[in-house]
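A short write-up of the structure that comes next.
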Amino acid sequence: MRWNPQQYAKFHNERSQPFFDLLTRVGGDPKTIYDLGCGDGRLTKELLTYWPDAHVTGIDLSAEMIEQANSIDHDSRLSFRRADITDFAPAEPVDLIVSNAVFQWIPDHLSIIERLTSHLSDAGTIAFQVPDNSTAASHRLIDSLIESPQWHAQLRKLESHPSVPLSLESYAEHLLHLGLHVIAWETTYLHILNSPNAIVEWMKGTTLLPILNLLNEAAQARFLSEYMDLLSATYLQYDFGVFFPFRRLFCIASRI
Ligand SMILES: C[S@@+](CC[C@H](N)C(=O)[O-])C[C@H]1O[C@@H](n2cnc3c(N)ncnc32)[C@H](O)[C@@H]1O
């Protein structure tokens with residue numbers, strides 16, 4: 001799938017907060033860190049402010065994202081590489097694996113997470129955050145459009161529509177059964193955006209991508225306009241803007 005780093009970065013502050021909230025509860029002194037699904041690399045670089053003595057590697061499948069990541073100013077402690085998380089296999093055991101807002105794009109990611117834990121060092125940790133907003137109006141309205149008669153035929157090839165089918169308990173249970181120590185929590189961020197159109201812009205950076213990739217320019221405009229109408233009818237416009245609640249799940253699992 002083709003990512004657009006500029007579109008994704010439009011809500012950098014709102015999207016960054018969960019990454020920092022996740023790291024607040026990661027302890028230890030990791031020397032080798034991988035950021036899986038690192039995107040444009042800006043947050044990956046931040047890992048060095050927490051652990052200046054570490055070597056950090058950002059991994060992403062998107063050529064556009066890796067190109068953007070390589071363009072940021074960085075020293076030899078940080079590197080980026082294009083690779084698929086589903087067959088990610090580091091040469092050496094890893095002290096810390098971080099993954100922010102990525103696993104929802106990977107079907108059957110529980111088995112991938114299990115495989116990743118086998119690459120942790122003796123004191124290693126995996127820390128991840130996944131959005132859990134598939135029941136939010138912003139997502140339900142997209143689903144209703146996809147299933148509607150006017151779009152169903154054009155969008156039936158849709159495969160990588162992201163979703164989080166798992167509850168927080170399911171992630172935690174799986175990781176506990178692997179013998180790991182687990183901290184898990186969930187949070188709803190109440191973003192305040194300017195207008196329903198800002199929700200469209202937000203979704204164009206992520207959830208809408210696989211949909212828009214299947215449509216020509218005219219159809220994209222039509223889909224976005226129909227989506228915008230639905231959002232405007234659903235999200236209350238206040239004088240300060242619109243509330244855009246966004247639920248996210250957090251898991252940190254450690255060997256010790
Ligand atoms: C929503 S972005 C998150 C980027 C970054 N972690 C952040 O928080 O800013 C999801 C990223 O996951 C990457 N991704 C999705 N599936 C992947 C896979 N199988 N292997 C590697 N990267 C993947 C995408 O290319 C995209 O850059």
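Quick caveat, the model's predicted, so the values are computed rather than measured. Counting starts at 1 for both ligands and their atoms, in listed order. One is the number of the first residue; the rest follow in order along the sequence.
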(request) Give yes if a backbone or side-chain nitrogen or oxygen of Gly37 is under 3.5 Å from a nitrogen or oxygen of ligand 1, and no if not. (result) yes
(request) Between Ala83 and ligand 1, find which residue part has any heavy-atom pair under 4.0 Å and reply side chain, backbone, both or neither. (result) backbone
(message) At under 4.0 Å between heavy atoms, is it the side chain or the backbone of Ser16 that contacts ligand 1, or both, or neither?
(response) neither
(request) Using a strict cut-off of less than 4.0 Å between a Lys/Arg side-chain nitrogen and an Asp/Glu carboxylate oxygen, indicate whether Lys31 and Asp95 qualify as a salt bridge. (result) no
(message) With the threshold set at under 4.0 angstrom, would you say Tyr8 reaches ligand 1 through any of its heavy atoms?
(response) yes
(message) What protein heavy atom lies closest to atom 1 (C) of ligand 1? Include the residue and the distance to one decimal.
(response) Ala101 O, 3.2 Å
(request) Tell me which protein heavy atom sits closest to atom 15 (C) of ligand 1, plus the residue, atom name and distance to 0.1 Å. (result) Trp105 CB, 3.9 Å
(request) Say whether Phe19 and ligand 1 are in contact under the criterion: heavy-atom distance to a ligand atom below 4.0 Å. (result) no
(message) Taking a cutoff of less than 4.0 Å between a non-hydrogen atom of the residue and any ligand atom, is Arg15 in contact with ligand 1?
(response) no
(request) Decide whether the shortest distance between a heavy atom of Ile59 and an atom of ligand 1 is less than 4.0 Å. (result) no
(message) Which of the numbered atoms in ligand 1 are under 4.0 angstrom from any heavy atom belonging to Leu43?
(response) 7 (C), 8 (O), 9 (O)
(message) Within the 3.5 Å criterion, strictly below it, is a donor on Asn197 or Ser195 matched to an acceptor on the partner's side chain?
(response) no
(message) Tell me whether Ile85 has any N or O atom under 3.5 angstrom from an N or O of ligand 1.
(response) yes
(request) Starting from atom 8 (O) of ligand 1, find the nearest protein heavy-atom neighbour and note its residue, name and distance. (result) Asn100 ND2, 2.8 Å
